[in-house]
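Contents: one structure, followed by commentary.
Counting starts at 1 for both ligands and their atoms, in listed order.
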Amino acid sequence: MRLAVIGTGYVGLTTGVCLAEIGHTVICVDNDKKKISLLKKNKVPIYEPGLEKILKKNVKSRRLSFAGNIKDAIKKSEVIFICVGTPPREDGSADLSYIENVAEEIAKNMDNYKLIVDKSTVPVETGEKVEITIKRNLKKNISFDVASNPEFLREGSAVYDTFNPDRVVIGVSSKRAEDILKKVYRPLKTQILVTDIKSAEIIKHASNSFLATKISFINAVANICERCGADVEKVAEGMGLDKRIGRSFLNAGIGFGGFCFPKDLEAFLWISKKLGYNFELLKNVKEINEKQKQHLVKKIEDTLWVIKGKTIGILGLAFKPNTDDMRFAPSIDIINSLQSEGARIKAYDSKAKERAKEILENVIYCSNPYEAAKGSDCLAILTEWDEVKKIDLKKIKKLMKHPIIIDGRNVFDPDKMKKMGFLYKSIGR
Ligand code: UDX
């Protein structure tokens with residue numbers, strides 16, 4: 001099938017590349033000239049394991065191409081996926097101006113039937129607005145359908161998630177749209193759930209908010225565990241063995257970050273309010289998440305006493321492993337707090353370093369974990385990279401000024417750390 005993907009961020013690029021890999025002819029469009037020129041040179045502008053390899057393969061077999069101009073892509077494609085950003089506005093609502101622009105462009109440039117599929121995360125009722133916008137801007141009477149097809153891929157495992165989804169959700173208002181989207185996804189051999197457009201839109205917001213709720217719930221439980229001497233890891237294991245609960249997303253730590261959970265939570269709160277419902281629970285989820293970052297700062301304060309003049313080594317800056325994404329990373333608030341108290345920060349993250357430099361000032365960026373440990377009063381683990389899990393702890397201990405590790409991601413076994421002579425503190429145990 002001939003497909004266009006508008007927007008080449010994490011979702012758009014991965015979707016475009018993977019749809020080409022399963023046999024479709026895909027044009028990926030972006031108005032960012034720099035991005036398109038990189039992509040045309042077979043270079044992926046983000047760090048996402050496995051993506052570049054499949055991109056190269058499909059460009060070579062001519063199933064995948066990149067364009068800066070939307071017009072041609074619309075004319076050549078039967079299905080158009082909208083994957084542009086929906087960044088948060090000051091009040092928490094999603095900025096839908098990019099979606100509106102694309103809808104207008106589609107309307108102005110289409111000359112036969114098109115299925116316009118929204119993949120960007122949007123508040124419920126956006127599908128309706130897209131349909132109105134297209135109708136308003138159409139030059140002649142051409143039939144079209146709008147559909148919602150939310151994306152659930154995770155950064156860092158985006159390619160795997162796209163090929164192995166738990167489900168594909170398609171929100172449609174016509175049999176024609178349903179049949180086309182089923183044909184697009186048939187090669188994935190996965191369960192396809194067909195709903196109306198509004199339900200599909202809510203499935204995305206509700207899923208992300210529910211996962212965020214699981215994380216805040218376990219972080220709240222971790223606080224209880226710390227106060228009474230229980231072990232949150234064991235608690236999560238025991239809870240997770242109940243199939244109705246499940247073990248995933250019950251990892252206590254410094255809270256969730258990234259460009260999806262914080263933003264989608266806000267947007268869901270906003271649209272709930274707009275629809276007349278006060279979603280109190282989500283406010284608590286947000287609040288617990290904010291406190292969890294400061295909880296780690298407090299642990300460092302309690303251990304080091306005076307922060308001013310102390311050197312703190314940071315292991316991991318990205319909001320989670322296997323990505324270079326720094327957006328809403330808990331490390332930002334934690335480092336800012338420590339710096340405001342006068343700490344000197346040395347940080348190591350092999351992938352997120354360049355993006356971190358754009359956000360965090362006055363940080364000494366190290367080229368390996370040992371450099372970050374050297375002479376430090378304390379090490380704080382903020383991202384559970386494999387590289388961090390495998391560090392040579394004996395070497396670390398020798399290099400540090402004091403063998404103190406505050407682990408925000410529960411990477412190491414507290415007993416082992418104690419035996420090795422570390423003053424080791426983690427979350428909820
Ligand atoms: C998320 C959703 O998982 C995905 O379905 C959606 O499409 C986009 O948003 P992503 O933001 O890439 O994906 O990362 P995810 O793996 O879900 O982690 C989000 C944050 O939660 C990270 O900061 C992570 O460290 C944190 N987290 C996750 C926890 O603190 N504990 C957990 O148990 C799981």
Handout entry: E78 bridged to R2 by N-O distance under 4.0 Å
Key = no
Handout entry: Any donor-acceptor N or O pair under 3.5 Å, side chains E384, N251
Key = no
Handout entry: Check ion pair K183-D179 (N to O, under 4.0 angstrom)
Key = no
Handout entry: Electrostatic pair K34:D32 at N-O distance under 4.0 angstrom
Key = no
Practice task
Show the protein residues that qualify under the rule heavy atom under 4.0 Å from an atom of ligand 1, listing them in chain and number order.
Solution key: E151, F152, L153, R154, E155, K204, N208, I215, F249, L250, N251, G255, F256, G257, C260, F261, F319, K320, R409
Exercise for the section: Run the ring-centre check on F279 versus F268 and record whether the distance is less than 6.0 Å. Expected result: yes
Problem - Side chain proximity check, M1 to I180, heavy atoms < 4.5 angstrom - result: yes
